[in-house]
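All remarks here apply to the structure that follows.
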There are 2 protein chains.
Amino acid sequence: MISQTAEYALRAIVFLAMNPGRAHTTQEIADTTKVPAAYLSKVLKSLVKAGLIQSQRGLGGGFVLSKSPDQLNILEVLNAVDPIQRIRTCPLGLQGHGTVLCALHKRLDDATALIEQSFADSTIADILARPTQSTPLYERPPTKDGNPCAYE
Amino acid sequence: MISQTAEYALRAIVFLAMNPGRAHTTQEIADTTKVPAAYLSKVLKSLVKAGLIQSQRGLGGGFVLSKSPDQLNILEVLNAVDPIQRIRTCPLGLQGHGTVLCALHKRLDDATALIEQSFADSTIADILARPTQSTPLYERPPTKDGNPCAYE
DNA sequence: CGTATTATAGATATAAAGGTCCGAATATCC
DNA sequence: GGATATTCGGACCTTTATATCTATAATACG
C-alpha cells in the first residue's frame with residue numbers, strides 16, 4: 001500500500017509527535033521505531049529537506065517537528081518521501097486521449113484521489129488522540145514522566 | 001498507487017473484455033496495450049494461473065476471459081498479480097500489540113480497506129460501460145465490425 | 001583549543017521489481 | 001507427417017528500492 005520508506009517516515013514523525021520538548025537523535029528514533037538506523041538517517045534527511053522536521057547537529061542535537069501535530073497530516077509525510085502520483089495523462093501515450101483519461105485510468109485515478117483525500121484528512125494529532133488498546137510504536141503505554149524510552 | 005505489473009494486467013483484461021469472441025495472442029494484446037510483449041507474457045501467465053483467463057497454444061490460439069466482464073472486478077485482477085496487503089499484525093513485531101493494531105497502523109489499514117472495497121465494487125463491465133470522451137486503450141473508438149486493431 | 005557528539009554526504013552492497021530471451025511443448029493446417 | 005504458430009517454463013539481465021558503511025562538517029562543552 002505504502003512503501004517501506006514511507007512507513008519508516010510515518011513512524012519517525014509519530015515518535016517525534018509523541019515525544020515533544022527536546023530533540024531526538026537518529027539512534028533514539030531508530031531504536032524505538034525498530035527501523036535500521038543507517039537507513040532512517042536518509043529518511044530523516046528527506047523530511048528535513050521537505051521542511052517537516054528540523055535538525056540540529058552536535059551534542060544535545062537531533063530532530064524536532066517543525067509544526068504542531070494537528071497541523072501535519074499523513075499526506076504531507078508521504079509526499080515528502082514517496083509522493084502519491086495522480087494519473088494526469090494517458091499512460092499509453094495516446095494522443096487522442098490527452099488529458100482526458102479513458103474509463104480505466106479514470107477509475108484508477110479516482111481510487112488514488114480517494115486515498116489522497118483520506119490521508120489529507122487525518123492529522124498526526126488524530127493518530128495520537130485515537131483511543132486504541134495499544135500505544136503507537138510502544139510495547140506499553142508511555143510513563144508519566146514522558147520518557148517512554150525507559151521501556152524495554 | 002498500483003504496480004506496473006498490475007497496470008499491465010488490467011490493460012490486458014480490459015482489452016480481452018472489449019474484444020470477445022475469439023482468442024488473442026500475446027503479441028496482439030501487447031501491441032494495442034503498449035506493453036512489452038515478453039513481459040506481458042509473464043503477466044498473462046499469472047492471470048491464467050489465477051483462473052481469470054484461459055490460454056490455448058498453437059495456431060489460432062491465444063487468451064480469452066474465463067468469465068463475463070460483469071462478473072470480474074478490478075480487485076480480482078490486482079490480487080492475481082500483486083495482492084493488496086492488509087495490515088493484520090503489528091509491523092514492529094511488538095508482542096503487546098498482537099492482532100490489535102496501534103492507531104497508526106489501524107489508520108493505514110483503514111485506507112487499504114477503503115481501496116480494497118473501492119476496487120471490489122467496480123467490475124470490468126463498469127469500465128467498458130462508462131461514458132467518457134476516449135475509448136479505453138484505443139486512439140479512436142472501435143469500428144463497427146469489432147476489429148479495433150485495424151486502427152493506427 | 002581539543003574532544004565528544006551528532007547530522008550530512010556520498011559510495012557501496014543487497015534484494016526486489018521489471019524486462020528479455022530461448023528452447024520445449026502443444027496445437028493447426030496442408 | 002512436416003511446417004508453422006503459439007503458449008509455457010525457466011534462465012538471465014537491468015533498474016529501482018532498500019540498506020549499510022565511511023568520511024566529513026557542524027555544534028556543544030570543558
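Every chain is numbered from 1, with letters handed out A, B, ... down the list of sequences.
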Could you give the CD1-to-C1' distance, from A/I2 to D/dA17, as a whole number of Å?
15 Å
Could you tell me the separation between the CG atom of B/D110 and the NZ atom of B/K106, rounded to the nearest 0.5 Å?
3.5 Å
Has A/S3 got a side-chain N or O lying under 4.0 Å from the OP1 or OP2 atom of D/dA17?
no
Rounded to whole angstroms, how far apart are CZ on B/R22 and P on D/dT6?
10 Å
Taking atom CD1 of B/I29 and atom OG1 of B/T25, what is their separation to the nearest 0.5 Å?
6.5 Å
Residues touching DNA chain D, which here means a heavy atom under 4.0 Å, drawn from residues 37-46 of chain B:
B/K42, B/K45
CD1 of B/I29 versus C1' of D/dT7: gap in Å, rounded?
12 Å
Protein-nucleotide distance (A/Q54, atom CD; D/dA26, atom P), rounded to Å
18 Å
Passing candidate, side-chain contact (heavy atoms from CB on, under 4.5 Å) with B/T123, options B/D121, B/I127, B/D126:
B/D126
Drop me the distance from B/N19's CG to B/E28's CD, to the nearest 0.5 angstrom.
7.5 Å
Please list all pairs meeting salt bridge (charged side-chain N to carboxylate O under 4.0 Å, His left out) that have one or both residues in residues 46-69 of chain A, counting only residues at least two apart or in different chains.
A/K67-A/E76
Classify A/Q56 by what it touches in the nucleic acid, base, sugar-phosphate, or nothing, heavy-atom distance under 4.0 Å.
sugar-phosphate
Would you say the base of C/dA27 and the side-chain of B/R57 have a donor-acceptor pair closer than 3.5 Å?
no
Using only side-chain N and O atoms of B/Y8, determine if any of them is under 4.0 Å from OP1 or OP2 of C/dG19.
yes
N or O in side chain of A/T25 less than 4.0 angstrom from C/dT6 OP1/OP2
no
Could you give the CG-to-P distance, from B/L16 to D/dT7, as a whole number of Å?
11 Å
Within this structure, what is the CD-to-P distance between B/Q4 and C/dG18, rounded to whole angstrom?
7 Å
To the nearest 0.5 Å, tell me how far B/S66 OG sits from B/Q71 CD.
13.0 Å
Protein-nucleotide distance (A/E7, atom CD; D/dA17, atom P), rounded to Å:
18 Å
Using the closest heavy atom to pick a nucleotide of DNA chain C for each, name whichever of A/L59 or A/V48 lands nearer the 5' end.
A/L59
Proximity to the side chain of A/S55 - top-ranked nucleotide from C/dA7, C/dG18, D/dA19
C/dA7
Return the value, rounded to whole Å, for the distance between atom CD of B/Q27 and atom C1' of C/dT20.
13 Å
The salt bridge (charged side-chain N to carboxylate O under 4.0 Å, His left out) partners of B/D31 (sequence neighbours excluded) come to none
